[in-house]
Q: 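Let me give you the structure first, and then I'll get to my questions.
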Amino acid sequence: MARGNQGEPTDWVTRAADDAIRHARDVYGEDLGDHVITCASGASPSGPIHLGNLREFLTVHFVAEEIKRRGIAARHLHSWDDYDRFRKVPAGIDPSFADHIGRPLSSVPDPWDCHQSWADHFKAPLQAALAELGVAMEEMSQTERYRAGTYRDQILTAVRRRDDIEQVMAKYRTKQLEGATSAAPESPEEAAALADSVANDDESGLTGLGATDDLARFPFKPYCRECGRDTTIITSYDEDTTDLAYTCQVCAYQGVTNLTTDNEGKLVWKVDWPMRWSVEGVDFEPGGVDHATPGSSYTVGKELVKRVYGGRAPSFVGYSFVGAGGQVKMSSSRGGVPTASDALQILEAPILRWLYVRRQPKQAFNVDFGAEVVRLYDEWDALAKKSADPERSDAQTLAFERASSTSSAGRLPTPAVVVPFRLLSSVADVTAGSAELISTIIGNVGYEHASVADLEPRLGKAMTWTSEYVPTEDRTTVRETPDADRLGALNEDEELWLRQLLDRMPDDLHLDDTTALIYGVPKLARGLGLDDAPTDQVKQDQKDFFRLLYNLLVDADRGPRLPTLFLALGAEKIRTLLTPPS
RNA sequence: GGGCCCCUAGCUCAAUUGGCAGAGCAGAGGACUUUUAAUCCUUUGGUUGUGGGUUCGAGUCCCACGGGGCCUACCA
């Protein structure tokens, strides 16, 4: 470990990796034996996996990469919490899906019918995005694990030790219990939250009707054998036979599941998490800051893993929320939140990675899909230039390196010829979406390149950004048809300019000639040559002439540079728009 | 009730285990035949929310206060 060296820049990744390694050495010994340092992430595929959720994956990814970089064996283990219950039907989904509430996400059908299940439908796009981002991880499905009985011993342990578990949980349970429902809500939000929690109680049937306190706080919850929902109330548990009897609140089924022989349920979340730490040997696992607050899952889990499983909680960092655009907080149950795939439509993979690595996890930030994108690319390009010089190595260039390559994917794709994003998007703005044409114009304005491929992946992202995210009022709209009124009302000068322009404009346009021609037309009209220096009169004429052209071409007084606009539209289109319809 | 984050130029924000307060945009000036939110150069702009403390040194660490925001308590 090259720590403490003056020359080695450090960042939050370095420190998190230090912690993970220290954790592993404390548990497995200085030489680690054959233990592979395990960095774990977890996510519930209950809806679109948005840019806030992405932080879970990337935080773990960067730390695992750093450990590997030091030559220590490490893995990124990801748990899909697809055995969690389906909680509510998101807006925009067929309300009849309410029927599935309480079933595991992996047992709810895909509303769009393109995947095996609800869970798979939301996993798939993220898996694709992670592949593009160069994130390689071992994935496991909690549904498979639970159904295979992998956790049977741990479940039996938890049930046997449920009094200890309850003690720990109770320690963090403050007052409330009643109180809350009778107290007058102080705000609409609070009222809504209350209503929500009451509704949840109703549907989950946890209010312990008729059940003893002991059974009401049971750490294991069975899914109903008949209807598959977790709307079960435990009615008895036999310590010797491990028979667990329950009644389903929804379908009224009364059944018995045996914890030693059947695999029909799961541990409650606050026990499930520490259980997995101990089973998988997790050395590092981040969580949203909400998981880190006192009484929440991490603090409770930390005690439980020690007391119940004799394990040690992984090193932890809490990360803050990632917003999009102007919004600060996203909810996965609300439709329309941007996902990693959305961001990758407009950002090169290393840039998206960079957004997540350059800030401390605790710092909240936004991924902006608006005008900030241009600046982001500019900053990135400047950083790339700086990073090329080893003498200037610092925390920023370290972030650049972390963003740019991974141990499994190598250097992630960037364009062979780097053209400012601003330029690509403004050319794309007026070229009706043809990559070939954009490439030609880009070449003409000084960015030599062999083919369209040399501009990718940036070109495609610039085209998408321009067409999907630039507001219409900021875009250039080329006229479909000539402006007959304006063309019919030309004064003498204007008529002369247009005629001379069209007479001299070739069918095949080149940038330099076109530039000379456009600036030269007003000179010709004053009896000068194309190459003569302009007089003040000509300069004024140029302004008027340019405005006329913008009026006729794009219905505005100003616009993109005319020579490039001409090349983008092509001679034929220009001719059409500058000639009165007959 | 508890926890966390933020407050830095007119605006949006950087400053990564304490080390010369910095960019972009906006503003001003200039150059390129120059109309353009597609060029380049120069330049203005600061008591880092307030008050204390630690330190040779604080935007950064500690305490208090003010303002803004997020999370949390039952359940997963």
Side-chain angles (χ1 to χ4, degrees), chain A residues 3-4 9-15 18 44 46 81 84-85 87 169 172-181 193-194 196-198 200-201 203-204 206-207 221 230 266-273 288-297 299 318 320-321 323 328-329 357-360 362-366 368 371-372 374-376 378-379 382 394-396 398-399 419-427 429 441-442 445-446 470 474 476 515-516 518-520 522-523 530-535 538-539 542-550 554 556-565:
Chain A
R3 295 265 286 125
T10 59
D11 59 6
W12 67 266
V13 184
T14 318
R15 293 189 287 276
D18 287 348
S44 180
S46 57
D81 295 329
D84 287 1
R85 73 195 304 260
R87 300 188 66 192
M169 303 259 233
Y172 292 100
R173 253 190 306 263
T174 42
K175 40 184 181 174
Q176 209 196 334
L177 286 192
E178 65 267 80
T181 22
L194 260 173
D196 193 32
S197 73
V198 170
N200 275 349
D201 279 355
E203 77 204 13
S204 63
L206 268 182
T207 32
K221 171 165 284 203
D230 73 343
K266 69 189 292 286
L267 291 172
V268 298
W269 162 244
K270 282 180 183 172
V271 183
D272 179 87
W273 204 16
V289 284
D290 50 322
H291 287 313
T293 138
S296 203
S297 33
T299 34
S320 295
F321 289 90
V328 175
K329 157 91 168 111
V357 78
R358 69 175 174 162
R359 293 220 170 69
Q360 314 258 7
K362 259 200 263 188
Q363 205 170 348
F365 68 94
N366 287 334
D368 197 294
E372 286 286 295
V374 173
R375 179 180 153 195
L376 183 64
D378 284 347
E379 281 183 23
D394 63 8
Q396 288 179 359
L398 177 61
V419 178
F421 188 83
R422 177 193 311 279
L423 176 59
L424 291 174
S425 76
S426 55
V427 173
D429 185 29
I441 296 168
I442 293 297
V445 297
V470 176
D474 291 343
T476 303
T515 306
I518 291 171
Y519 285 104
K523 299 179 196 168
L530 279 185
D531 295 328
D532 292 336
T535 62
V538 164
K539 284 189 175 178
Q542 284 174 334
K543 284 186 202 288
D544 295 340
F545 178 48
F546 293 150
R547 174 181 300 226
L548 172 67
L549 290 175
Y550 285 121
V554 297
D557 287 344
R558 311 195 297 192
R561 275 188 156 245
L562 285 166
T564 41
L565 181 61

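Computed over heavy atoms, backbone and side chain alike; hydrogens, waters and symmetry mates excluded. So that the names make sense, note that chain A is the first sequence line, chain B the second, and so on, each numbered from 1.
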Q: What is the distance from CZ of A:F545 to C1' of B:U35, rounded to the nearest Å?
A: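 My rounded result for the distance is 11 Å.
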
Q: Check this for me: does the side-chain of A:Y550 come within 3.5 Å of the base of B:U36 through a donor and an acceptor?
A: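 Answer no: no donor N or O sits under 3.5 Å from an acceptor.
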
Q: Side chain of A:R15 only, heavy atoms from C-beta on: which candidate in B:A76, B:U17, B:U35 is closest?
A: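 Output: B:U17.
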
Q: Does A:W12 reach the main-chain N or O of A:R358 with its side chain, forming a donor-acceptor pair under 3.5 Å?
A: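 Absent.
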
Q: Which residue, A:V357 or A:A516, contacts RNA chain B at a nucleotide closer to its 5' end, judged by nearest heavy atom?
A: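 First, find each residue's nearest nucleotide; the 5'-ward one identifies A:V357.
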
Q: How far apart are the C-alpha atoms of A:D368 and A:R375, what are their side-chain angles, what is the distance that settles it, and do they pass the salt bridge (charged side-chain N to carboxylate O under 4.0 Å, His left out) test?
A: CA-CA 10 Å; A:D368 197 294; A:R375 179 180 153 195; over 6 Å; no

Q: State which of B:U16, B:C75, B:C13 makes the closest approach to the side chain of A:R375.
A: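 Taking heavy atoms from C-beta onward, the closest nucleotide is B:C13.
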
Q: Taking B:G18 as the reference, what is the distance to B:A58 when you measure between their C1' atoms (whole Å, please)?
A: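 Those two atoms are separated by 6 Å.
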
Q: Given the C1' atoms of B:G24 and B:C63, what is the spacing between them in whole Å?
A: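 About 36 Å, rounded to a whole number of Å.
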
Q: For B:G19 and B:U60, measure between their P atoms and round to the nearest Å.
A: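 Per the computed distance, 11 Å lies between those P atoms.
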
Q: Separation of A:D378 atom CG from B:C13 atom C1', in whole Å?
A: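 Spelled out: CG on A:D378 to C1' on B:C13 is 15 Å.
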
Q: Using both distances under 3.5 Å as the test, list the Watson-Crick or G-U wobble partner of B:U17, or none.
A: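 Pair assignment: B:U17 / none.
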
Q: With rounding to the closest Å, how many angstrom separate the C1' atoms on B:C61 and B:U48?
A: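 The same atom, C1', in both gives a distance of 16 Å.
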
Q: Without decimals, in angstroms, what is the distance between A:K270 NZ and B:C74 C1'?
A: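 That distance rounds to 8 Å.
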
Q: Taking A:Y519's backbone N and O only, do any of them form a donor-acceptor pair with A:Q542's side chain (distance below 3.5 Å, no angle check)?
A: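 Yes; judged by distance alone, with no hydrogens or angles, the pair exists.
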
Q: Whole Å only: how far is the CD atom of A:Q360 from the C1' atom of B:G59?
A: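 Atom CD in A:Q360 sits about 14 Å away from atom C1' in B:G59.
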
Q: How many Å lie between CG on A:D230 and P on B:C75, as a whole number?
A: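 Distance, rounded to whole Å: 14 Å.
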
Q: Looking at A:W269 and A:S297, would you say the former's side chain and the latter's main chain have a donor-acceptor pair under 3.5 Å?
A: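 Side chain of A:W269 to backbone of A:S297: no pair is present.
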
Q: Just name whichever nucleotide pairs with B:G66, Watson-Crick or G-U, keeping both distances under 3.5 Å, else none.
A: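 Its partner is B:C7.
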
Q: Taking the side chain of A:L562 as heavy atoms from C-beta outward, which of B:U16, B:A76, B:U35 is closest to it?
A: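 Within the option list, the nearest is B:U35.
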
Q: For atom C1', what is the distance between B:G53 and B:G30, given to the nearest Å?
A: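 Nearest-Å result for B:G53 against B:G30 at atom C1': 50 Å.
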
Q: To the nearest Å, give me how far apart CZ (A:R85) and P (B:A76) are.
A: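 Going from A:R85 (CZ) to B:A76 (P), I get 9 Å.
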
Q: Watson-Crick or G-U wobble partner for B:A73, using a 3.5 Å limit on both distances?
A: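 In the structure as shown, B:A73 has no Watson-Crick or wobble partner.
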
Q: Which base sits across from B:G45 as a Watson-Crick or G-U pair, both distances under 3.5 Å?
A: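 The answer is none; no pair meets the criterion.
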
Q: Could you give the NZ-to-C1' distance, from A:K221 to B:C75, as a whole number of Å?
A: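 So the NZ-C1' distance, A:K221 to B:C75, works out to 8 Å.
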
Q: Output the rounded distance in Å from CD1 (A:I518) to C1' (B:U36).
A: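 Atom-to-atom, A:I518 to B:U36, this comes out as 12 Å.
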
Q: I'd like to know whether A:L562 forms a side-chain contact (heavy atoms from CB on, under 4.5 Å) with A:F546, so could you lay out the CA-CA distance, the side-chain angles of the two residues, the decisive distance to 0.1 Å, and finally the verdict.
A: CA-CA 8 Å; A:L562 285 166; A:F546 293 150; 3.1 Å; yes

Q: If B:U39 has a Watson-Crick or G-U wobble mate with both distances under 3.5 Å, name it; if not, just say none.
A: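 For B:U39, the partner nucleotide comes out as B:A31, under the 3.5 Å rule.
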
Q: If we take the P atom in both B:U36 and B:U42, what is their distance in whole Å?
A: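 The answer is 23 Å between these two P atoms.
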
Q: Assess, by modelled atom type and distance only, whether the side chains of A:D11 and A:T14 contain a donor and an acceptor separated by less than 3.5 Å.
A: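 A pair is found: one side chain offers a donor N or O, the other an acceptor, under 3.5 Å apart.
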
Q: Work out how far the C1' atom of B:C25 is from that of B:U43, and round it to whole angstrom.
A: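 It works out to 15 Å between them.
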
Q: Is the ring centre of A:Y550 less than 6.0 Å from the ring centre of A:F545?
A: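 For A:Y550 and A:F545, the ring centres are not under 6.0 Å apart.
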
Q: With heavy atoms under 4.0 Å as the rule, sort A:R422 into base, sugar-phosphate or nothing.
A: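 Result for A:R422 = sugar-phosphate.
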
Q: Which value, in whole Å, describes the distance between the C1' atoms of nucleotides B:U34 and B:G22?
A: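 Looking at atom C1' only, B:U34 and B:G22 are 32 Å apart.
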
Q: So which one's nearest nucleotide on RNA chain B is more toward 5', A:S297 or A:R358?
A: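 Counting from the 5' end, the first nearest nucleotide belongs to A:R358.
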
Q: Does B:A14 have OP1 or OP2 under 4.0 Å away from a side-chain N or O of A:R359?
A: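 Yes, such a contact exists.
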
